[in-house]
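Just below is one structure, and these are the notes that go with it.
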Amino acid sequence: MPYAEAVPHLGNFVGSILPADVYFKYLKMKGEDAIFICGSDQHGTPIELKAIKAGITPDQLSNEVHEKIKKVMERSGCTFTYYGKTHSESNKLTVYEIFESLRKNGYIVETEDTQAYCSVDDRFLSDRFIIGTCPYCGYHDARGDQCENCGHLLNPQELIEPYCAVCGNKKLEFRKTKNLALDLEALSGEIKAFVESHKRNNWTKNAINKTLSYLEQGLKPRDITRNIKWGFPVPLKGFEDKAFYVWFDAVIGYIGITREWSESQYLNYWKDPEAKLIQFMGKDNLEFHTMMWPGILIGAGREYVLPHTIKVFEYLNAKGVKFSKSKGVGLNMEGAVELLPSDYWRFALMYLLPETSDTDFSIEEFIEIVNKVMNDKIGNLVNRVLTIYGANRGMISGSEAEAASISKAKSIISEYIAEFDAINMRNALHKVIGLSELGNEVMSSTEPWKLAKAEDANSKKEFSKIMVSLRQIVYDLGIMLWPFAPDAASKILDYFGVDAQPKIKMLENVPDIDTGKPPKAIFSKITEKERKKFEKYIDS
RNA sequence: AGCGAGGUAGGGUAGUCUGGAGUGCCCGCCGGGCUCAUAACCCGGAGAUCAGUGGUUCAAAUCCACUCCUCGCUACCA
């Protein structure tokens with residue numbers, strides 16, 4: 001779920017929403033009863049602080065950003081079953097219900113801490129609400145949690161001459177305060193058993209190893225409430241002036257948002273023991289999803305399904321720098337879809353999907369993927385097949401295909417399905433590319449343009465068989481491309497008169513090509529001019 | 001510092017879990033083919049002590065140990 005502070009950048013998109021959308025589209029192709037739930041994560045300190053600075057309420061700010069994100073994600077070709085938000089009545093209800101269960105089951109404990117207090121604003125200040133001079137580098141605008149200049153992690157007490165970020169008050173007190181925490185220590189045995197029993201379900205290596213290593217080191221209770229005004233108020237005596245901590249209501253938001261989508265249907269999914277919850281995220285979200293989220297669900301009494309698969313991706317970096325919303329580094333999705341069709345981003349980002357290690361995003365590589373892979377391999381193949389097919393329409397008869405190429409195509413298709421079933425989406429994408437390569441190979445080795453000119457019956461028959469095979473390959477390509485590049489896939493399928501959402505089972509029966517539609521390029525290359533525009537975004 | 005992840009031809013990557021000839025992909029380079037197609041496409045080739053050292057094994061990129069380098073996380077950023 002994107003944090004509703006700003007529009008997601010490429011790194012956010014590639015690590016969570018895009019793979020989820022691609023996989024969801026595949027599930028729909030298979031005809032599975034799947035829903036794709038996502039939403040804006042609205043609570044927390046950064047949003048509250050940003051809203052105060054902007055002179056609006058956090059509610060307003062996060063709702064405005066939420067609307068923007070929703071629009072951009074739709075423009076990026078994402079087809080959510082529902083895109084909701086965490087600051088909703090449905091989520092609030094769900095958070096309260098789960099909190100109550102956790103409390104009843106004895107997993108909520110009290111913690112005490114010392115925290116800065118501003119008497120002018122009459123509030124406790126989160127670390128980020130305190131500004132001062134960094135004791136390590138002397139930077140004047142260091143925050144209480146970290147110095148942005150030297151990167152040192154800080155305690156608010158370390159800051160020299162700290163002041164309140166809201167009102168500038170320099171007379172801060174440090175007071176004791178109580179919070180509620182989830183007793184992860186008590187739950188750690190069950191969390192470990194959960195990870196052990198689920199890790200074979202296509203979890204990524206980092207998700208398994210990092211989690212087991214945390215568990216090995218031992219978990220401590222972790223706060224679920226904070227002295228903050230923005231969030232759901234805590235419904236417990238003595239804690240009414242506090243709000244739930246954003247991570248708590250964000251993960252519960254998966255349920256809450258499904259509930260917001262459909263009060264009558266959400267439990268059909270969340271309480272179905274056969275349901276599989278599959279989650280995609282960047283590595284910064286790992287511990288929330290592999291430990292705390294299962295911990296919440298287990299502690300609340302295992303009423304809801306626990307994650308079946310957790311896919312944790314590494315970072316996509318821009319020129320070695322992490323894309324950052326707050327620092328304004330890199331390209332956000334709004335700029336991206338403004339610049340180029342969403343299919344290009346979807347395809348290229350899935351191609352670059354940082355599965356095992358951080359990956360650099362460079363313009364050169366992106367352009368290479370679009371121009372060389374999408375255009376030259378896939379786009380060009382479609383075009384050349386359609387052209388030769390249309391020009392020799394009368395010579396193609398029956399459905400007899402050239403056996404060798406069809407059997408190769410079939411094995412690529414089954415590999416594609418196997419990769420997708422194992423949620424290895426980048427590998428699945430390579431199978432799509434592989435199929436286009438097969439098409440190009442068949443073309444070169446059989447030279448149908450020569451056969452088309454021949455007079456003898458044998459050549460004519462051979463030509464027909466080859467074109468039937470190529471027709472099959474292009475059609476299959478249109479279907480298989482759909483999760484990655486839905487617009488381009490629709491363009492290909494349109495030549496076959498198909499305008500419905502593709503299904504895996506459609507791969508078997510190829511309709512004839514509608515030669516009334518002249519072949520048009522389904523992709524076009526990124527020009528020098530577009531490249532220049534592009535560089536403006538990346539260079540910062 | 002602790003923990004996690006990476007280090008594979010000139011560049012970028014996959015393969016590592018589950019050991020089987022350095023096997024694959026993209027770019028670049030060299031040679032050839034083709035002219036249906038988007039100056040594209042196809043075939044062949046050169047190029048790698050698989051970070052290093054030691055070990056296990058009939059066999060190691062893959063398993064084990066140690067070392068070096070890069071990135072990330074370390075609990076009030078989410």
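Please read these numbers as outputs of a predicted model, since none were measured by experiment. Below, all heavy atoms of this structure are taken into account, side chains as well, without hydrogens, waters or symmetry copies. Note on naming: letters A, B, ... go to the chains in the order of the sequence lines (proteins, then strands), and numbering restarts at 1 for each one.
The side chain of Trp449(A) has U35(B) as its nearest neighbour among C41(B), U35(B), C77(B). For Glu287(A), counting side-chain heavy atoms from C-beta on, the closest listed nucleotide (C36(B), C42(B), C73(B)) is C73(B). Here A75(B) is the nucleotide among A75(B), C73(B), C41(B) with the atom lying nearest to any side-chain atom of Lys220(A). Side-chain atoms of Arg222(A) lie closest to A75(B) of the nucleotides A75(B), C34(B), C36(B). If you check G28(B), U38(B), C77(B) against the side chain of Arg128(A), the one that comes closest is C77(B).
Positionally, the nearest nucleotide of RNA chain B for Gly379(A) lies more toward the 5' end than for the other of Gly379(A) and Ser445(A).
A donor and an acceptor atom, one from each side chain of Tyr351(A) and Arg426(A), are nowhere located under 3.5 Å apart.
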- Task: Would you mind building the protein contact string for nucleotides 10-15 of chain B? One character per nucleotide, 5' to 3', B for base within reach (heavy atoms under 4.0 Å), S for sugar-phosphate only, - for untouched.
- Result: --S-S-

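Phe523(A) comes within 4.0 angstrom of a base, heavy atoms only. Residue contacts for Gly44(A): at a heavy-atom cut-off of 4.0 Å it reaches the sugar-phosphate backbone alone, with no base atom in range. Using a 4.0 Å heavy-atom distance criterion, Pro448(A) is classed as making no nucleic acid contact. Counting any heavy atom pair closer than 4.0 Å across all strands shown, Lys431(A) reaches no nucleic acid atom. In this structure, Asn179(A) reaches the bases: a heavy-atom distance under 4.0 Å links it to at least one base atom across the strands shown. As judged by a 4.0 angstrom heavy-atom cut-off over every strand, Asp145(A) is placed among residues touching the sugar-phosphate backbone only. Among the atoms of the strands shown, only primed sugar atoms or phosphate atoms (P, OP1, OP2) are found under 4.0 Å from some heavy atom of Thr387(A).
Checking the phosphate oxygens (OP1, OP2) of G28(B), a side-chain nitrogen or oxygen of Lys372(A) falls inside 4.0 Å.
With both pairing distances under 3.5 Å, G20(B) is matched to C58(B) as a Watson-Crick or G-U wobble pair. Remark: G6(B) base-pairs with C69(B). Criterion, Watson-Crick or G-U wobble with two distances under 3.5 Å. Nucleotide G44(B) is matched to C30(B) when pairs are restricted to Watson-Crick or G-U wobble geometry with both distances under 3.5 angstrom.
Ser411(A) contributes a side-chain N or O that, together with a main-chain N or O of Lys408(A), makes up a donor-acceptor pair within less than 3.5 Å.
Between A9(B) and A48(B), the distance separating the two C1' atoms is 5 Å to the nearest Å. Of the P atoms belonging to U8(B) and A61(B), the separation is 15 Å, rounded to the nearest Å.
Of the residues in residues 432-442 of chain A, those with a non-hydrogen atom less than 4.0 angstrom from any atom of RNA chain B are Glu437(A), Asn440(A), Glu441(A).
Asn375(A) contributes a side-chain N or O that forms a donor-acceptor pair with the base of U38(B) under 3.5 Å.
For the pair Arg175(A) and Tyr117(A), the cation-pi criterion (under 6.0 Å, within 45° of the ring axis) is fulfilled. In this structure, Arg123(A) forms a cation-pi arrangement with Phe129(A), its terminal cationic atom sitting closer than 6.0 Å to the ring centre and no more than 45° off the ring axis.
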Which atom pairs link the protein and nucleotides 2-4 of chain B when you take only N or O atoms and keep those under 3.5 Å?
{"from": "C3(B)", "atom 1": "O2'", "to": "Ser213(A)", "atom 2": "OG", "distance (Å)": "2.3"}

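Among Lys50(A), Arg226(A), Arg128(A), the single residue meeting the side chain to side chain donor-acceptor pair (under 3.5 Å) criterion with Thr45(A) is Arg226(A).
Rounded to an integer number of Å, the gap from NE2 of His87(A) to C1' of A78(B) is 18 Å.
Between Lys431(A) and Glu415(A) there is a salt bridge, with a side-chain nitrogen of the basic residue lying less than 4.0 Å from a carboxylate oxygen of the acidic one. A salt bridge does not link Glu462(A) with Lys450(A): none of the charged nitrogens is closer than 4.0 Å to a carboxylate oxygen. With respect to Glu112(A) and Lys178(A), no salt bridge is recorded, no charged nitrogen being found less than 4.0 Å from a carboxylate O.
Using cut-offs of 30° and 60° on the angle between ring planes, the pair Phe366(A) and Trp345(A) is parallel.
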